[in-house]
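These figures come from a predicted structure and were not determined experimentally. For this chain, numbers begin at 1 and follow the sequence in order.
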Amino acid sequence: MLVNWHDPDYIYLVCGKTDMRKGLDGLAMVIAENYGLELYNNSLFLFLRRT
């Protein structure tokens with residue numbers, strides 16, 4: 001999956017506790033199932049850790 005880092009259409013911040021050991025496929029499933037967002041619409045997803 002190639003991403004244009006210089007001009008994304010949307011930037012999403014995913015806050016809260018996220019298990020980063022899931023890898024790319026597991027994190028993609030989190031986005032699709034929990035938030036109902038499309039993965040291939042030139043969006044950037046940033047996962048923030050819990051403080």
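The side-chain hydrogen bond (donor to acceptor under 3.5 Å, both in side chains) test applied to D19 returns R21, not counting sequence neighbours. Annotation: salt bridge (Lys or Arg N to Asp or Glu O under 4.0 Å) contacts of D9 (sequence neighbours excluded): none. Scored by the side chain to side chain contact (heavy atoms under 4.5 Å, CB included) test, I31 finds V14, Y35, L37, L39, F45, F47 as partners (sequence neighbours excluded).
Within 6.0 Å of the OH atom in Y12, the count of heavy atoms belonging to other residues, nucleotides or ligands exceeds 12.
Atom CE of M20 is separated from atom CG of L27 by 5.0 Å, given to the nearest 0.5 angstrom.
Side-chain atoms of N41 never come within 3.5 Å of backbone atoms of Y10 as a donor-acceptor pair (strictly under, hydrogens ignored).
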